[in-house]
Every structure is written in structure tokens, then in C-alpha cells.
Amino acid sequence: MYALLVGSGISGLAQEAITFGADKVYIVDDPLLRDYQTDSYVLVMEKAVKQAMPRILLLGQTPIGRDLAPRLAFRLDTVATMDCVALAIDPDSKLLLQTKPVYGGNAQAVFTCETFPRIATIRAKAMSPLKADASKRGEIVTIEAGLTPGVIRTKVLERVKEEIAGIKLEDAEVIVCGGRGIGSTDGFKQLEELAKILKGAVGATRPPCDSGWVSDTRQIGLTGKIVTPELYIAIGVSGASQHMAGCSGSKIIIAINKDPEANIFREARFGVVADWKKVLPAFKDKMREVLAK
Ligand SMILES: Cc1cc2nc3c(=O)[nH]c(=O)nc-3n(C[C@H](O)[C@H](O)[C@H](O)COP(=O)(O)OP(=O)(O)OC[C@H]3O[C@@H](n4cnc5c(N)ncnc54)[C@H](O)[C@@H]3O)c2cc1C
């Protein structure tokens, strides 16, 4: 297994990649790679892949991975399968079997590809990392970026860091997600209290973000974030396919909704058919009590 590290001032990370399982680490370290820019990263990735000649190339389903994978596939005359949640090798054909959600998360399909390298982007937390082994040894290969400033057609003028109070949505083990049924900014404050008790984060469907009750950065779904927490508590959420596309990988879903016919109950392991305003105070008290033990 090889790792490819691209960036500026990243040489120190090669040993860490070996510790986590890489047998060989290709590293492209250049000041012009300090900021992620499509032009420079596509060029060096193409160069590195042509040198390393992998049969399979895996990237994260991150904003960078989503940008790079299709461009690389085009340049390398192959295809990319985006947003995979599982990978396997077919024992007979030795083809890479790439499983990904389709139809807005309502079904999963397995894709294969006959050209090399087989490129796939992998959804966050779909796989567990290996345990670090400090005794592991590996080879480090340096690749010259060979970039000139002229190849980069865009300029980073400013960086604005998203302000996050508490746990990041993508990293949260517990997410309390509110839908249109929450009704207001004040309603979301109550969800924040529950998230705090459970050491989790607050997410939302699209309508509360569009209405300004919560920040857009909280949106989960097809056009929002994809999350895979251990526990997903959906409150006042109908369970539309565009929303489920972002949370169907959650281990356990609990739904609170006053409509017994709501689609969310088809996806949820546990459900409460009730007005959330009546349920939430008792639920919060119980959680406090249980977690205090
Ligand atoms: C191209 C496209 C992309 C989209 N991307 C996304 C996306 O990324 N994320 C996303 O979420 N949506 C997305 N949508 C919108 C999506 O189709 C749904 O409209 C949206 O998810 C519905 O949000 P909701 O469940 O909060 O609202 P609703 O569907 O209106 O459901 C509200 C629910 O709250 C319940 N409720 C109301 N009051 C209470 C109460 N007091 N107690 C308990 N329950 C109550 C109701 O019974 C209802 O089930 C997208 C749509 C399109 C077309």
C-alpha cells in the first residue's frame, strides 16, 4: 500500500503515513502547493500517479477529493467512482468493487471499472484506520513538483475560517438534527442543549438553514454535509431522500416526529410519534440522569 502526500512543509508527515500502514510514501513538497489550487494539484497528482503507477487510487470524498478525482480520471483516461462507502476485490475477476449510495441514498449500487488506475473517493468514516505501529518501516520517495507560478491561474486572496463552537459536525459521534418542524431559532437553542448533554453537534435539514434559524454550514444532505455518526437524532425531520443522502450512513437513527407516516420512521431504529416540544424536556432530563451515573 502506497501513500501520496502533496503540499508544502509536509515532509515530516511521511513517517506518520508509514506508521499507519503505508509501505511506500511518495511525497511532493513545494511552496507553490501551500494552498489547494486545482491547477497545481492536478498537475502534480498526474505526475505522481504516472510515476507510481498504482492499480487503485483512493482519495477522500472531501471538497479536494471531489475536485481532483474526476479531473485526474479524465487526464489518465480512466473513470472515477465518487462517494464510495465500501470497497472489495472480486475474487474471480480481481476487479475493484466500489459500493456507493444512489438515488439520493435510497439504494446502494456496486460499480466496477476495467481501466487503470481505478479511482474512487471514499466517504468520511466509511473505513476505520489501522492502528499506528511505530516499529513499521517503509520507503520514502520524493517527487519534484516541477511547478512554475505561471501554471496556477487562480490566486488565494483571503482565508476565512468557519467559526465552530463545540464539535465539528463531520467529527461528531452524536448529531441532533432539526428540521422544519423545529419552527424557529429558539427551537434550535433547545436542540443545542441536548447536543451539549450528549457531547454532540447540531445539524439541520435545508429549510431551517434557508430560513436562517441555523447557519448554512449545519445543513446535512445531498447539497449539504455527509455525516456518519454513531447516533443521529432527527427531530421534526420528514426524512426526504435529499436529506437522507447525507445521514443514511449513521449507525443508529432516532426520530421524533408528530406524523406517524413520516418517511423518517422507515429509516429510524427507534421512533417517538409526538410533538417534540412535549418530548424533549423529559428526554433531556433522562439523558442528564443516565450520563451522570
Ligand atoms: C436538488 C435538491 C437538493 C436538496 N438538498 C437537500 C439537503 O442537502 N438537505 C436537506 O435536508 N434537504 C434538501 N433538499 C430539500 C428536501 O427535498 C426536503 O424538502 C427537506 O429535506 C425537508 O426538510 P424537513 O424534513 O425539515 O421539512 P419537512 O419535509 O417540511 O418536514 C417537517 C417535519 O416536521 C414534522 N413536525 C412538524 N412540527 C412538528 C412538531 N411540533 N413535533 C414533531 N414533528 C413535527 C412534520 O410532521 C414533518 O414530517 C433538497 C431538495 C432538492 C430538490
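Counting starts at 1 for both ligands and their atoms, following the listed order. All heavy atoms count here, side chains included; hydrogens, waters and symmetry mates do not.
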[X] and [Y]: same hydrophobic cluster, using ILVMFWY side-chain contacts below 4.5 Å?
X	Y	value
Met45	Ile143	yes
Ile233	Val273	no
Phe265	Ile252	no

Beyond-backbone contact of [X] with [Y], side-chain heavy atoms, under 4.5 angstrom:
X	Y	result
Pro208	Gln219	no
Ser250	Cys247	yes
Asp83	Gln61	yes

- To the nearest 0.5 Å, how far apart are NZ in Lys47 and CG in Leu147? 8.0 Å

- Item | Point-to-point distance, once rounded to the nearest 0.5 Å, from CD1 of Ile140 to CZ of Arg137 | 10.5 Å

Among [options], which one has a heavy atom closest to [atom]?
atom	options	answer
atom 33 (C) of ligand 1	Gly203, Gly236, Gly221	Gly236
atom 52 (C) of ligand 1	Gln242, Met244, Lys258	Gln242
atom 21 (O) of ligand 1	Arg180, Lys277, His243	His243

For [atom], which protein heavy atom lies nearest, and how many Å away is it?
atom	value
atom 7 (C) of ligand 1	Gln219 NE2, 3.1 Å
atom 47 (O) of ligand 1	Asn257 OD1, 2.8 Å
atom 15 (C) of ligand 1	Arg206 NE, 4.2 Å
atom 40 (C) of ligand 1	Trp276 CD1, 3.4 Å
atom 36 (N) of ligand 1	Gly181 CA, 3.7 Å
atom 20 (C) of ligand 1	Pro207 CD, 3.9 Å
atom 24 (P) of ligand 1	Thr205 OG1, 3.6 Å
atom 41 (N) of ligand 1	Asp275 OD1, 3.0 Å

Taking only distance into account, with no hydrogens and no angle test, what donor-acceptor pairs under 3.5 Å do side-chain atoms of residues 23-42 form with protein atoms, sequence neighbours excluded?
unit_1 : atom_1 : unit_2 : atom_2 : d
Asp23  : OD1    : Lys136 : NZ     : 3.1
Asp23  : OD2    : Met1   : N      : 2.7
Lys24  : NZ     : Tyr26  : OH     : 3.4
Asp29  : OD1    : Gly9   : N      : 2.7
Asp29  : OD2    : Ile10  : N      : 3.0
Asp29  : OD2    : Ser11  : N      : 3.1
Asp29  : OD2    : Ser11  : OG     : 2.7
Asp30  : OD1    : Leu32  : N      : 2.8
Asp35  : OD1    : Arg159 : NE     : 3.3
Asp35  : OD1    : Arg159 : NH2    : 2.6
Tyr36  : OH     : Asp67  : OD2    : 2.6
Gln37  : NE2    : Thr154 : O      : 2.7
Thr38  : OG1    : Asp67  : OD2    : 2.7
Asp39  : OD1    : Arg153 : NE     : 3.4
Asp39  : OD1    : Arg153 : NH2    : 2.7
Asp39  : OD2    : Arg153 : N      : 2.8
Asp39  : OD2    : Arg153 : NE     : 3.2
Ser40  : OG     : Gln37  : O      : 3.1
Tyr41  : OH     : Leu33  : O      : 2.7

- Task: Step by step, work out the salt bridge (charged side-chain N to carboxylate O under 4.0 Å, His left out) result for Lys258 and Asp275.
- Result: CA-CA 5 Å; Lys258 65 180 185 184; Asp275 183 335; 5.9 Å; no

Distance filter under 4.0 Å to [X] heavy atoms, resulting ligand 1 atoms:
X	value
Thr223	3 (C), 4 (C), 5 (N), 6 (C), 7 (C), 8 (O)
Gly224	8 (O)
Ala240	16 (C), 17 (O), 18 (C), 21 (O)
Gly179	26 (O)

- Query: Do any nitrogen or oxygen atoms of Leu222 lie less than 3.5 angstrom from nitrogen or oxygen atoms of ligand 1?
  - Reply: yes

- Message: For ligand 1, which is the ligand I care about here, please tell me if Ile220 has any N or O atom under 3.5 Å from one of the ligand's N or O atoms.
- Response: yes

Please tabulate, for the side chains in residues 175-198, all donor-acceptor contacts under 3.5 angstrom to protein atoms that are two or more places apart in sequence or on a different chain.
unit_1 : atom_1 : unit_2 : atom_2 : d
Ser184 : OG     : Asp186 : N      : 3.4
Ser184 : OG     : Gly187 : N      : 3.0
Glu193 : OE1    : Lys284 : NZ     : 2.8

- Message: Testing Ile119, Thr112, Leu87 one by one against Leu96 for a side-chain contact (heavy atoms from CB on, under 4.5 Å), which residue passes?
- Response: Leu87

- Message: Under 4.0 Å, heavy-atom basis, I'd like to know which part of Ser238 is in contact with ligand 1: side chain, backbone, both or neither.
- Response: both

- Message: Once you restrict to heavy atoms under 4.0 Å, what part of Ala274 touches ligand 1? Side chain, backbone, both or neither.
- Response: backbone

- Does atom 18 (C) of ligand 1 have any protein heavy atom closer than 4.0 Å? yes

